[in-house]
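Here's the structure, in structure tokens; my notes come after.
Order of the sequence lines fixes the chain letters, A, B, ..., with proteins taken first and strands second; residue numbering starts at 1 for each chain.
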2 protein chains.
Amino acid sequence: MSNQILSVGCIPPNVNDLEKTLECSQEGGFNFLVTQILQKSDNPEKEPASLEPKPFQENQLIIKNSFSAESIVAQVSEWIDFEHDDHSLRISSEQAFRQQVEWASYNGVSAVLLPTVARMSSVVNFARCVNNSIDLLRFSGIWARVPLHSATNNENDAWLKWNQLRTLCSHNPALGIALELTKHLPEDESVLRRWLAEPIRSVIIPTDIFTLNAKGYPVLGKQHQKFINELFRLGPYFILSGDDSELFGQGQESLHLQYLKYLYRIKPDLTLLEQHADGYEDCLQAPLQPLMDNLESSTYEVFEQCPMKYVQYEKAVYHALLERVPPNSDITTVIMVVGAGPRGPLVQCSLRAAEKAQRKVKLYAVEKNRHAFVTLQATKERIWGDQVEIVFEDMRKWKAPELADILVSELLGSFGDNELSPECLDGVQKFLKPDGISIPQSYTAYISPLSSAKLHKEACNYKDRKNLETPYVVMFKAVHEFAAPQKVWDFTHPNTQVHVDKDGHPSNNLHNTRYSHNIFTSTNGGVLHGLAGYFDSALYKGVDISIHPETHTPSMFSWFPIYFPIETPIQVPEGAKIETHIWRLTDQRKVWYEWSVSVSMASPNHQKDIIIHTTPIHNCDGRSSWIGL
Amino acid sequence: MSNQILSVGCIPPNVNDLEKTLECSQEGGFNFLVTQILQKSDNPEKEPASLEPKPFQENQLIIKNSFSAESIVAQVSEWIDFEHDDHSLRISSEQAFRQQVEWASYNGVSAVLLPTVARMSSVVNFARCVNNSIDLLRFSGIWARVPLHSATNNENDAWLKWNQLRTLCSHNPALGIALELTKHLPEDESVLRRWLAEPIRSVIIPTDIFTLNAKGYPVLGKQHQKFINELFRLGPYFILSGDDSELFGQGQESLHLQYLKYLYRIKPDLTLLEQHADGYEDCLQAPLQPLMDNLESSTYEVFEQCPMKYVQYEKAVYHALLERVPPNSDITTVIMVVGAGPRGPLVQCSLRAAEKAQRKVKLYAVEKNRHAFVTLQATKERIWGDQVEIVFEDMRKWKAPELADILVSELLGSFGDNELSPECLDGVQKFLKPDGISIPQSYTAYISPLSSAKLHKEACNYKDRKNLETPYVVMFKAVHEFAAPQKVWDFTHPNTQVHVDKDGHPSNNLHNTRYSHNIFTSTNGGVLHGLAGYFDSALYKGVDISIHPETHTPSMFSWFPIYFPIETPIQVPEGAKIETHIWRLTDQRKVWYEWSVSVSMASPNHQKDIIIHTTPIHNCDGRSSWIGL
């Protein structure tokens, strides 16, 4: 199901005649029907426990024939008891479960709805039975039914049981959730939001959580509406559960269904960023290697599509020009744009800024990509003329004919320094005047611990360690962050600390190594799948760009966040401390990151913290991922 | 180094002239010398921090030339500070470390002794540097120096730091421990014993932990002696650390070295079991498939080497005969030995028992292995004659000409039922008289949570999941059990609960499935690498055999324990609860085990247990290991 279509099914309390009920549900506007496999009367107490089940009797069955299987979700009997103390009765239950799942698979139903997790005191033996059945259901969905809230358990309980279940089943991606909304939703916002990082395949909405509005129509409360809006973004199936009269009684579309469709129609519009991100969400992209490889033409085009970024650059150059030269002066400011690209958007910004500031400027546009340089020549010819000198050279090796007042670059990656802006700018600052300005002036990297089964699964799909030790650029959707991002390090330009040789080249790159140790507290716990990375940058005095969630530059979509995976997901208990260690390291040929996470809990006597998990250090010596110098 | 040779080196406090000191140490009886790489005077405070180190000056170095490298262990400078707050000073330290390790590797020393872990408040950045150097030292040992006890920290601290270090380094098998004995050893026996499951490559014994005996000779206290005896079994290198005068002063073998050699000479003899196990310790063996495959001749020979087992069987048959038939009766007791093997040791036992009990017996010896049957025919011819009838048949399919009084079998595996004794005996009980006796009468399986880096590494060596989901037969040595074994299940024969078809064959095998959930408490914590499995069996009324550690039948070496690995080692905090789930499952063609472990801790407010780890269920549906029916 795509984001664009709402697919809603129904669970009536009792199905006797499948064909008839299916007809009713279709007349009622539903896309599919959830039904028990067996008649409700087929209760195990009726016959003595025989270890091995006999074939079903036809009259036991509701789902008999497969002609409409694609509109059917098969519900496994709720009476099945995976925890029975009596060995034989437990085995009978396990056998009954297996037989029902096999029957569902044989008939090719579109999904199987498993018994409710909340009523089990332990999910372990249930998990074992599910685990052994997953392969049977290769072509159907498998949905664990999880009510959001129960009167008897605490708010966290539903999630803890689900988490135990999927962990026991090796995080098998075939296993998803049928999340059942309840009258009371967890009050803690982050308990609720944590579900959004989970594989929610369907959402069950019981009709009895609706209230009647002044006109007598069924509606949902604000909190439910808001949560359903968030769920719409994930695109699950929806299922209304209620009495026949509520679902099909009116000979027309059910009022509850009408209301759900109404909510879907009026859901908030996507922001510019969301529109741009549509289709990229939760898809892993390897970060660029702009220094080692030549970027492709289409990549430049994507970069240049974001107007907001260049608005900020223009402002920054404008302020720098104002500050550097008094009004009405004859002084010409030398601006060098390093990494100009085929169409030189930063050259454009600088020219606009100069015009607005009424300052004289001379521009150099340096570009090392020989393919981009072809277009750059045409751009100069067509638009800029003599005011801009274009240079085909690696900026680090260029011998500039004069010193620059302002150096403008857009070498930043999603994590700030991850496309080697520090190394490039170290290499060019030798032709910046002693009091010259670099735009950007500085940039800061941030991380936060992240939960996302989806992203981890994507990284695991490659089935080798390399891909679990590679940072990815990705637009987050089904993610949950344990705590607000924290700063890990920053870079400032020009950097007067760099030791240079007689030609002005840095004698080594050790000053660009970094190490940060951060401590986060997880209020509600969850499963940790890696680290989210962001950056912000001071372009010039008060003009910033940012992808940090709390200060994100509005409508800027040039950068998605970065995701550092960890090899094995980690269980984080509520109240635990998450410690992260991240390094930026370097040798002669490359730059890379290493990272490690550990989790600790207060000991029962509160005397100390006990480490309960430590990951290995990832990407040791840059073995799996690095950026070439 | 094998178990048979004691190799002792020394660390003098100061080496100036390597060649001369090496000579002294050889004269003093030492096999190798541990020395700093650099002169002590080479202290980093002397020169300003330059990020990138210059080549060593020759006069800075102690280890200069490689001619005696195989007798040298190189010690990295203790001043190196991996945690310095100042970025540049920390990087200088890291660079110095790297340079020393590279120098050691260049010179081909036999091992590198790393700086002492205990003095670091965090080992994380140290771990990162070690991790990045491990590949350099492919041909040398890498020893992390860990003093057993420090006055300032608690008893657990040394182990926790070591554990953090090796976890951060991905459990890299190249990284070992130089365990430094201290005057005070941890009082808690299990804190001490936990080290025995660790990769101890060398043991440093400072001379100042010795006391002088009445004659003025240096000796060690009882607790130290006992622990050193345990260490002798693991075969590490030993290293005496002390003043030159103590190590080389006497122009003869140092008194401390003499004492250590004396301890080695008088170390306790190996038990019969240990002798038999020598060479097999911590080596993983796949369990037998006696039903599906034909055992090899040599396997039978190994089985038959254990006299104790047959002593017990003889006793059991003897008691059964006495009970079954009054003295001086003419009644002939029919004994069937199922799975007789080539030389029929159980037939021999039964005949000896009959003679001793003065009872008349008729024996059937049934064997399905056509190769073993060749020898069995000869055995009958040569020894037994008409008293024994031999039958070439799978016991489950044999149509016996008469009913048996006593059924004798030795179908037990290390986990009791893991060689399919239950299924085999179900298949033959149809020709046992209604009041007939099965020897064994019953058997019980036990498990306990186990720590053993060695065993886990062995299972990982195969580099696929299959081998981490296979139970192995293994003689434990470098292991530590978190708690005493607990019963998981038992089997009793004959089993009157079996549903049989008209031919007396069991209609299915579901009655032989089992499920056990056990809870253990870990006092001191550790790293969990899997489960240890044992069995005991009641052969007949009070005559038992057992490999359960607390009731092990003396001198019986027919069975080693079984080891169920887990895919990823789990950190178990002190005081945590370890819950195990294990299943014995079956389908038409095979029997298999599945298992899972979870660890929980009391919440800081003691109100509930919080699950901090859950493993996936291992060997789902028998995908990786199974025993063929």
Atom pair [atom1]/[atom2] of [X] and [Y] - distance to nearest 0.5 Å:
X      : Y      : atom1 : atom2 : value
B:Q571 : A:S600 : CD    : OG    : 11.0 Å
B:N163 : A:I611 : CG    : CD1   : 8.5 Å
A:I91  : B:R514 : CD1   : CZ    : 8.0 Å
A:C620 : B:I134 : SG    : CD1   : 7.0 Å
B:N172 : A:I617 : CG    : CD1   : 11.5 Å

Of all of B:T568, B:V572, B:T614, which one pairs up most often with chain A through heavy atoms under 4.5 Å apart?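 Top count of heavy-atom pairs under 4.5 Å with chain A: B:T614.
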Are more than 12 heavy atoms from other residues, nucleotides or ligands located less than 6.0 Å from atom CG of B:D85?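 Open.
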Contacting region of A:I570 [heavy-atom separation from chain B under 4.5 Å]: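 For A:I570, neither part sits under 4.5 Å from chain B.
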With only heavy atoms counted, which part of [X] is less than 4.5 Å from chain A, the side chain, the backbone, both or neither?
X      : answer
B:I612 : both
B:T615 : backbone
B:L160 : neither
B:R166 : neither
B:N125 : both

Which pair of non-hydrogen atoms, one from B:A602 and one from A:M601, has the smallest distance, and what is that distance?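 Minimum heavy-atom contact is O-CE, 4.2 Å.
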Would you sort out whether B:Y515 and A:V124 count as a side chain to side chain contact (heavy atoms under 4.5 Å, CB included), showing the intermediate values? CA-CA 11 Å; B:Y515 171 37; A:V124 182; 4.1 Å; yes
Verify the ring-centre separation between A:H511 and B:H87: is it less than 6.0 angstrom?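 Ring centres of A:H511 and B:H87 not closer than 6.0 Å.
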Under 3.5 Å, is there a donor-acceptor pair between the side chain of A:H581 and the main chain of B:R128?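 Answer holds: no.
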Give the intermediate values and the outcome of side chain to side chain contact (heavy atoms under 4.5 Å, CB included) for residues A:D135 and B:D621. CA-CA 10 Å; A:D135 282 351; B:D621 234 356; 5.8 Å; no
Report the C-alpha separation of B:E594 and A:N131 in whole Å, then their side-chain angles, then the decisive distance to 0.1 Å, and conclude whether the side chain to side chain donor-acceptor pair (under 3.5 Å) test is met. CA-CA 11 Å; B:E594 298 189 22; A:N131 211 18; 5.1 Å; no
When heavy-atom pairs shorter than 4.5 Å are enumerated against chain B, which of A:R90, A:Q497, A:H618 gives the highest number?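 So the answer, after comparing A:R90, A:Q497, A:H618, is A:R90.
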